[in-house]
Engineer: 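Submitted below is the structure of interest, expressed as structure tokens.
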Amino acid sequence: MTGAAIEATGLGMKYRSRGRGWALRDCSFRLPAGRVCALVGPNGAGKSTLLALAAGFLRPSEGAVRVLGEAPGEARARVAFVAQDKPLYPQLTVAATLWAGAELNPETWDQDTAERIAGELPRDAAVRDLSGGQRTRLALALALGKRPELLLLDEPMADLDPLARHQLMGALMAEAAEHSTTIVMSSHILTELEGACDYLLLVDGGRVRLGGETEDIVAAHTLLTGPVRDTAPHTVVESRTAGRLQTALVRRQGPVDTTVWEAAEPSLEELLLAHLRSPEAPALLTPSAAAVEAGREVVAV
Amino acid sequence: MSALDLRAPAVPTGPGTGLRGPVRVLLRQHRRSLWTAGALLVLGIGIVVGLRIWVSAAASAELCPDGDTTACGDGSYLPTQARSATEAYLSGGGTVVLLLAGLIGVFVAGPLIARELESGTFRLAWTQSVTPAQWLAARLALPAALVTAGVTVLVLVYRWGWSGMRSTSAVYELGWYQSGVNPALGPVAIGYALLAVAVGALSAVVVRRTVPAMGATALVLAVVTLGIGKRRYELWPTVRFLDGNRPSGDAWHIESGMLTASGKEISYWTDCVGAGTVPEDPAACMRKLGGITDFADYHPASHFWPLQLVETGILLVLAALAVALAFRVLRRRHG
């Protein structure tokens with residue numbers, strides 16, 4: 001078993017001051033190191049809270065999260081996080097921001113990587129004068145410049161035009177492949193991440209609904225089309241009837257009776273939408289994504 | 001790019017020595033405020049030096065060593081304009097130092113800490129390998145060091161200007177004990193400045209919003225400063241003089257009245273005027289109440305240092321409490 005980049009057990013976060021109740025509840029999952037993981041879910045699902053907890057910005061209300069085998073606060077030097085609003089010091093120039101990255105990461109800073117990601121950003125421009133896309137680029141340069149083992153990106157591409165998005169995503173993937181960095185990218189737009197990510201976490205209503213290798217998750221489901229009748233023994237995620245025809249997305253339990261059903265593999269988007277539309281569908285974590293139980297947690301600490 | 005490369009740290013610092021980077025970045029972030037602070041310091045020094053030069057330049061009009069421009073010892077005293085203006089300005093030196101401390105506290109609370117918490121830029125440092133504790137420590141250590149150095153210089157310069165005016169017995173507004181003078185004469189000034197830094201940090205991490213944190217800091221500092229200022233005379237026991245005796249030198253008169261045979265104190269103001277008696281001859285009134293001998297309580301000039309050190313000690317203890325609390329609040333919220 002390879003090491004876990006993120007491991008959450010019973011993780012929960014409740015915002016006291018905002019009166020919103022639980023932003024995240026009873027989350028247990030495991031993200032193996034070296035993966036590029038899409039963290040998807042609707043707005044307000046708890047994606048940002050999960051990332052903030054993993055980055056060590058918040059103290060969980062219950063449960064625990066471990067990052068690269070350590071408490072989030074201790075793994076700070078090995079983790080980079082780009083928050084949704086791309087926090088940067090507005091009064092500093094681009095060059096001074098990169099200089100600050102070098103100052104704050106004396107041991108790991110890689111100026112070449114940072115310069116490469118920063119690309120053609122005007123070095124003497126003040127951060128407050130940059131456009132949203134330019135700020136994203138600079139924030140990513142800062143994050144990659146510190147050579148993290150785990151890179152957490154909250155809605156990283158939202159401010160970018162398609163061309164810049166494609167280019168930055170390419171640069172990101174190249175860095176990840178070269179240094180086998182684990183990346184977690186959150187988004188509520190799946191198409192932004194599809195193709196780039198080999199791992200999937202679906203967070204919805206403060207819980208992890210799906211977790212595991214994208215291929216395995218897709219392969220575990222089948223889209224059945226046929227007469228209106230019980231789909232047992234398969235677990236139904238979502239079922240719709242139109243006249244005498246039923247379409248059901250099921251999690252297979254044993255072989256599909258192809259004499260009754262026409263079976264097809266769903267697309268990732270169909271799969272996610274079906275889960276989001278059916279909040280009562282049971283969660284699915286593939287073996288690599290299932291958290292190690294408390295009793296077996298001997299490797300930790 | 002070569003300028004940038006030169007500034008990159010040549011020697012990697014170990015994980016334990018983690019304040020150098022954050023402090024350097026902090027200096028860069030607030031370069032403009034630093035220049036302003038430096039300019040204020042130079043201005044303060046310039047004012048004191050300028051006043052002293054003005055006084056000595058005007059000395060040719062003085063006929064008497066104590067600054068009198070009329071004949072020496074003829075009963076009337078008329079100082080030069082330079083002298084009276086200098087006395088008026090220097091008599092506010094302590095107040096200026098206290099206001100300066102307030103300004104420092106408000107700056108630490110607002111632009112230095114709360115603004116980062118409010119706008120979210122604290123996360124930049126925290127994802128760049130800086131722990132929340134280091135982040136706060138840098139924001140406390142740097143202003144504390146700069147403020148200690150700057151205020152020490154101001155105090156020394158002020159003392160120099162103040163002592164130059166003390167050759168004359170006719171200066172009334174520059175007593176070491178006067179509330180407008182005392183805070184600028186010794187370590188108390190540093191105590192107030194450090195307390196301001198600590199209170200600013202505490203209210204910033206508690207309130208987390210720029211303007212309210214600045215307001216809270218100003219309020220707390222005003223209450224503490226006025227409170228201590230009002231009770232400064234109680235910080236060290238006074239010395240009692242009987243039968244009209246008084247200490248030599250520049251003493252701080254605190255209380256006087258008469259003592260009864262049993263040793264009870266009678267005060268003209270509380271026991272005669274306060275009791276509703278129409279003001280009459282003070283001595284006669286107090287004698288009627290049983291007073292047999294005059295007393296007067298003073299802080300002699302030798303009490304300057306004990307009073308300063310006790311007050312400084314109180315301020316530093318308060319500052320340490322505020323700092324400890326600030327770290328605790330930050331830890332509880334962010335782990």
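Chain A is the first sequence line, chain B the second, and so forth, proteins listed ahead of strands; every chain is numbered from 1.
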Engineer: Using a 6.0 Å cut-off, check whether atom CD of A:E178 has over 12 heavy atoms from anything other than its own residue.
Structural biologist: yes
Engineer: Heavy-atom distances under 4.5 Å only: say whether A:L152 touches chain B with side chain, backbone, both or neither.
Structural biologist: neither
Engineer: Given a strict heavy-atom distance threshold of 4.5 Å, which part of A:A143 is in contact with chain B: side chain, backbone, both, or neither?
Structural biologist: backbone
Engineer: Take a 6.0 Å sphere around CZ of B:R209 and say whether it holds more than 12 heavy atoms from other residues, nucleotides or ligands.
Structural biologist: no
Engineer: Side-chain donor-acceptor pairs under 3.5 Å in residues 211-218 of chain B, sequence neighbours left out?
Structural biologist:
from, atom 1, to, atom 2, distance (Å)
B:T217, OG1, B:S203, OG, 2.6
B:T217, OG1, B:A213, O, 2.7

Engineer: Indicate the atoms forming the closest heavy-atom contact of A:L88 with B:T121, along with that distance.
Structural biologist: O-CG2, 3.2 Å
Engineer: If only atom types and distance count, is the side chain of B:Q128 paired as donor or acceptor with the main-chain N or O of A:N105 below 3.5 Å?
Structural biologist: no
Engineer: More than 12 heavy atoms of other residues, nucleotides or ligands under 6.0 Å from CZ of B:F327: is that the case?
Structural biologist: yes
Engineer: Do you know the tightest heavy-atom contact between B:R123 and A:D85?
Structural biologist: NH2-OD2, 2.5 Å
Engineer: Give the minimum heavy-atom separation between A:A77 and B:S129, together with the two atoms involved.
Structural biologist: CA-OG, 3.4 Å
Engineer: When rounded to the nearest 0.5 angstrom, what distance separates CZ in A:F57 from CZ in B:F122?
Structural biologist: 6.5 Å
Engineer: As an exercise, state the distance from CH2 of A:W99 to CZ of B:R28, rounded to the nearest 0.5 Å.
Structural biologist: 5.0 Å
Engineer: A:R76 and B:V130: which non-hydrogen atoms are nearest, and at how many Å?
Structural biologist: CD-O, 3.3 Å
Engineer: Roughly how far, to the nearest 0.5 Å, is CZ of A:R59 from CZ of B:R332?
Structural biologist: 9.0 Å
Engineer: Would you compute the distance between atom CZ of B:R20 and atom CG of A:L104 and round it to the nearest 0.5 angstrom?
Structural biologist: 11.5 Å
